Amino acid sequence: MSLQTDSNSSATTMPRFEGDAKRYLRGLGGLTAFLIVWWIGAMMTQPSYLVPGPVASVRAFVDLFATSTAIVAPVLGSEMVLPTGLAHLAETLFHYVPGLLLGAGCGISLGLAMGWNGALDDWFRPLVRVLRPIPPLAWVVFAIVWFGIHHTGAAFIVFVGAFWINFYGAYGGVEGVSSDLTDAASTLGVERDLSMLKLVALPSAAPQVLTGFRTSIGRCWMIVVGAELFGAPGVGYEIINASNNLAMATSVAYMFLISLAFLCMDVGFRLVERSVLAWR
């Protein structure tokens, strides 16, 4: 009996392993093809510094950690000396993280409230439709006037971007709660509106809420680079500064740094998401 169980277990494991191996090989093939096209394009471009090749870009990435830079942590006011690449990444995180978390918190809260409460939705829906089409970077001039050219102004831009992404994730999740679930909960004795929201609506909307937050993690990395164009310190500012000096390989190196930072955050959040949604 145990031999049969072991054979069935291995039979189900092997196809899954083979499928994962095929996916990884395809991904490696796509990455290799991209590197080849990139290398050929760099070889054909003159002057060569306009399109740095993969080798030059990797060298520039390594150079980011060959020197050290001192930065000042906001609020605390303490000075830190870090490798140059990590120092500028930390400067970006000083406004990326607060903007992302505050924007997500406010967006999810308002989205849940409007999606669940029809009267509140009626009050705020016209305002949402007016403000939603405005791109986050359109607020740059107001960020400069209100907060100045520093972390607070850049955090405000990230806040705007994170707010809308998470708002619609939460709003759509609660609005899409099945009436069958609420009817079943009512039958089982859940009568209070807040209890229904907590016990039924939130668990049902959780996948969409978490998807919205995960989307905002990536989108806000795009937004933060634009937010730093007006002079706020960070990786985005270094990309522009390097390109102004025609150090294009350095610009690409900082792009690599952003990609690695996003990859680490995305993998970490996916692990959290799997844990939270283990009931599915």
Side-chain angles (χ1 to χ4, degrees), residues 15-69 82-93 95-96 100 135-138 140 154 157-158 161-162 165 211 214-271:
R16 181 182 302 176
F17 175 78
E18 292 175 358
D20 291 341
K22 289 181 179 179
R23 291 180 61 190
Y24 292 137
L25 288 174
R26 289 169 185 166
L28 182 61
L31 181 60
T32 302
F34 169 75
L35 291 174
I36 292 173
V37 172
W38 180 12
W39 177 73
I40 294 174
M43 291 288 291
M44 296 176 61
T45 303
Q46 295 297 329
S48 59
Y49 63 80
L50 291 179
V51 181
V55 175
S57 300
V58 170
R59 288 174 180 168
F61 182 82
V62 174
D63 289 341
L64 295 182
F65 302 90
T67 59
S68 298
T69 300
L82 299 170
T84 300
L86 290 181
H88 295 309
L89 180 62
E91 288 180 318
T92 293
L93 291 175
H95 45 258
Y96 170 87
L100 173 66
L137 294 181
V140 166
I157 303 301
V158 177
I165 297 171
T211 299
R214 185 183 173 195
T215 302
S216 68
I217 291 175
R219 289 288 297 275
C220 285
W221 273 110
M222 303 178 191
I223 294 170
V224 76
V225 173
E228 293 174 352
L229 295 181
F230 62 85
V235 175
Y237 176 79
E238 295 302 320
I239 291 175
I240 301 302
N241 187 45
S243 65
N244 288 337
N245 295 317
L246 298 181
M248 307 306 293
T250 302
S251 293
V252 175
Y254 279 111
M255 293 178 185
F256 284 162
L257 192 59
I258 291 175
S259 297
L260 288 175
F262 164 71
L263 181 62
C264 292
M265 295 180 69
D266 186 61
V267 170
F269 185 74
R270 287 188 68 180
L271 295 176

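What you see is a predicted model, and the numbers here were worked out from it, not measured in a lab.
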Heavy-atom pair of closest approach, residues [X] and [Y]:
{"X": "S251", "Y": "S243", "answer": "OG-N, 3.3 Å"}
{"X": "G218", "Y": "F262", "answer": "CA-CE1, 3.5 Å"}
{"X": "F65", "Y": "P83", "answer": "CD2-CB, 3.9 Å"}
{"X": "A90", "Y": "L82", "answer": "CB-CD1, 4.3 Å"}
{"X": "E91", "Y": "H88", "answer": "OE1-ND1, 3.1 Å"}
{"X": "A60", "Y": "A253", "answer": "C-CB, 3.7 Å"}

Flag side-chain contact, heavy atom, 4.5 Å: [X] against [Y]:
{"X": "M248", "Y": "V252", "result": "no"}
{"X": "L100", "Y": "S216", "result": "yes"}
{"X": "I217", "Y": "Y96", "result": "yes"}
{"X": "I157", "Y": "V224", "result": "no"}

Straight-line distance of [X] [atom1] to [Y] [atom2], nearest 0.5 Å:
{"X": "I36", "Y": "L31", "atom1": "CD1", "atom2": "CG", "result": "10.0 Å"}
{"X": "L64", "Y": "T250", "atom1": "CG", "atom2": "OG1", "result": "6.5 Å"}
{"X": "Y24", "Y": "L28", "atom1": "OH", "atom2": "CG", "result": "12.5 Å"}

With sequence neighbours left out, what residues match D266 under salt bridge (Lys or Arg N to Asp or Glu O under 4.0 Å)?
R214

Short side-chain to backbone donor-acceptor contact, W221 and A261, under 3.5 Å:
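Absent.
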
Among side-chain atoms of T84 and T69, is any donor-acceptor pair under 3.5 angstrom?
yes

Between F61 and L260, does the side chain to side chain contact (heavy atoms under 4.5 Å, CB included) criterion hold? Intermediate values first, please.
CA-CA 12 Å; F61 182 82; L260 288 175; 3.6 Å; yes

If you look only at distance, which donor and acceptor atoms sit under 3.5 Å apart when one is on a side chain in residues 226-240 and the other is two or more places apart or in another chain?
| from | atom 1 | to | atom 2 | distance (Å) |
| --- | --- | --- | --- | --- |
| E228 | OE1 | V235 | N | 3.3 |
| E228 | OE1 | G236 | N | 2.4 |
| E228 | OE1 | Y237 | N | 3.2 |
| E228 | OE2 | T92 | OG1 | 2.9 |
| E228 | OE2 | H95 | NE2 | 2.6 |

